Amino acid sequence: MRGSARMSDREGQRPGAARPLTALVPHRPAGGAKGPTRAAVLVLHGGRADSLAPSRPWHVSRLRMRPFVRAVLRAVPDRDVFVGEVRYRVRGWNGAATDPVADVRRALAELTNLVGEVPVVLVGHSMGGRAALRAAAAPQVRAVVALAPWCPAGEPVAQLRDKRVIVLHGDQDRITEPAASFALVRRAAREGSSATAVRVAGGDHAMLRRARTWHEVTGSAVAALLSGADGPVEALPAEGPNGEPGVL
């Protein structure tokens, strides 16, 4: 990750079991007028390469995802689709501990206890994008929308087989590497994933430049993935030929 020094600190200790928090934060409760919950969307914010400091709701990385939650709610108005966020215990990935991946797994277990096992789409930014791609190994995860994901060399892709993956990455990103994201998409496609890469022209890591494009495309992508949960998903209009990223 370029600029990883900006995403590193080791203050604090990993919170213990004395203060357990739920990993699932609902934005649209389960169930609705049409009957039981049929699918779910979980949003994952970014973080740091290394930090044992507690994750807090006022951190910028989490606030950054609020417009994306709203975009998903607009694009998927059905009350039978659960929409929520994953709450992290700590701010960092933390090497082999892969803390946010463990948090996603906890959130998926809580979701299953709440609504049963339904198809899930994960939407993650930066470290959250990496966590979403890793957590796609869970059987209920059918698709991932990764926004400017952190994709280090050697990141596994076997878990993405038979999953649907859409990666959006700004070409002005100075924190995570667009080329690494697009390379991961190509490797995932070779492993049997239905993977699409889209370059956001002028887009930065914080997704502030061309924010409306980021929000609208993410909402549209989630809606398309949910509508095709049991069948092929139509490619985004910007998808390019021969595995190359399209441009928005």
Side-chain angles (χ1 to χ4, degrees), residues 1 23 38-44 72 76 81-82 86 93 95-109 111-112 115-169 176-199 217-218 220-246:
M1 178 187 300
R38 67 175 177 86
V41 182
L42 299 185
V43 176
L44 292 68
V72 169
V76 187
V81 175
F82 178 100
V86 175
W93 181 270
T98 62
D99 281 309
V101 180
D103 294 328
V104 180
R105 291 171 179 153
R106 289 172 55 229
L108 289 170
L111 179 69
T112 298
V115 303
E117 192 159 304
V118 298
V120 177
V121 176
L122 299 178
V123 179
H125 172 243
S126 193
M127 182 190 77
R130 185 183 184 188
L133 291 163
R134 286 282 190 101
Q140 66 265 52
V141 177
R142 305 294 177 84
V144 174
V145 179
L147 310 171
W150 174 24
C151 299
E155 190 67 10
V157 295
Q159 77 280 6
L160 301 174
R161 181 187 300 274
D162 298 325
K163 309 285 181 169
R164 295 163 176 81
V165 176
I166 296 175
V167 171
L168 308 178
H169 213 131
T176 57
E177 295 272 5
S181 288
F182 303 147
L184 181 138
V185 166
R186 289 192 290 271
R187 291 194 295 118
R190 289 195 293 270
E191 287 288 334
S193 168
S194 175
T196 297
V198 180
R199 180 188 295 113
V217 173
T218 298
S220 296
V222 170
L225 290 165
L226 288 172
S227 67
D230 296 315
V233 175
E234 292 184 8
L236 289 176
E239 183 180 13
N242 303 319
E244 293 302 312

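Heavy-atom basis, side chains included; hydrogens, waters and symmetry copies ignored. Since the model is a prediction, treat every value here as computed from it, not as a measurement.
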(request) With sequence neighbours left out, write down each residue that passes side-chain contact (heavy atoms from CB on, under 4.5 Å) with Ala143, or none if nothing qualifies. (result)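 Scan of Ala143 (side-chain contact (heavy atoms from CB on, under 4.5 Å), adjacent residues dropped) gives Val121, Arg164, Leu225.
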(message) Quick one: does any side-chain atom of Thr112 pair with a main-chain N or O of Glu117 as donor and acceptor, under 3.5 Å?
(response)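 Not a single qualifying donor-acceptor pair exists.
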(message) Using every non-hydrogen atom in the two residues, find where Ala221 and Val145 come nearest and quote the distance to one decimal.
(response)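 Nearest pair, atom of Ala221 first, then Val145: CB-CG2, 4.4 Å.
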(request) Could you tell me whether the side chain of Thr176 reaches within less than 4.5 Å of the side chain of His169, counting heavy atoms only? (result)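 Heavy-atom side-chain distance check passes, below 4.5 Å.
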(request) Heavy atoms only: give me the nearest Lys163-Ala138 pair and the separation to one decimal. (result)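 Looks like NZ-O, 3.1 Å.
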(request) List for me each residue that meets side-chain hydrogen bond (donor to acceptor under 3.5 Å, both in side chains) alongside Thr218, sequence neighbours excluded, and say none if there are none. (result)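 Testing Thr218 for side-chain hydrogen bond (donor to acceptor under 3.5 Å, both in side chains), a comparison that skips the adjacent residues, returns none.
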(request) Output every pair passing salt bridge (Lys or Arg N to Asp or Glu O under 4.0 Å) with a member in residues 188-198, not counting sequence neighbours, ordered by first then second residue. (result)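 Output for this query lists Arg161-Glu191.
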(request) Report yes or no: does Glu177 contribute a side-chain atom to a donor-acceptor pair with the main-chain N or O of Cys151 at less than 3.5 Å? (result)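 No: the side chain of Glu177 does not pair with the backbone of Cys151.
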(message) Nearest 0.5 angstrom please: Thr98 OG1 to Trp93 CH2, how far?
(response)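 Here the rounded value is 6.0 Å.
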(request) Identify the heavy atoms of Gln159 and Leu133 that sit nearest to each other, and give their distance. (result)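 Closest pair (atom of Gln159, atom of Leu133, distance): NE2-O, 3.0 Å.
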(request) List the steps and the verdict of side-chain contact (heavy atoms from CB on, under 4.5 Å) for Val217 and Ile166. (result) CA-CA 10 Å; Val217 173; Ile166 296 175; over 6 Å; no
(request) For Pro119 and Arg38, work out which heavy atoms get closest and say how close. (result)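 Closest approach of Pro119 to Arg38: CD-O, 3.2 Å.
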(request) Report the residues that fulfil side-chain hydrogen bond (donor to acceptor under 3.5 Å, both in side chains) with Glu155, sequence neighbours left out, ordered by chain and then residue number. (result)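 So Glu155 forms a side-chain hydrogen bond (donor to acceptor under 3.5 Å, both in side chains) with Arg130, Arg134.
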(request) Could you list the residues that satisfy side-chain contact (heavy atoms from CB on, under 4.5 Å) with Ala132, not counting sequence neighbours? (result)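 By the side-chain contact (heavy atoms from CB on, under 4.5 Å) rule, Ala132 matches Leu44, Leu122, Val144.
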(request) Please examine the side chains of Val104 and Leu42, heavy atoms only from C-beta on, and report whether any two atoms are closer than 4.5 Å. (result)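 A side-chain contact is absent here, since even the closest heavy-atom pair is not under 4.5 Å.
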(message) Which heavy atom of Ala136 sits nearest to which heavy atom of Val141, and what is that distance?
(response)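 Smallest interatomic distance, heavy atoms only, reads CA-CG1, 3.8 Å.
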(message) Less than 4.5 Å apart, side chain to side chain, heavy atoms only: is that true for Val118 and Phe82?
(response)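 Of all side-chain heavy-atom pairs linking Phe82 with Val118, none is under 4.5 Å.
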(request) For Ala188 and Ala195, work out which heavy atoms get closest and say how close. (result)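 Taking every non-hydrogen atom into account, CB-CB, 4.4 Å.
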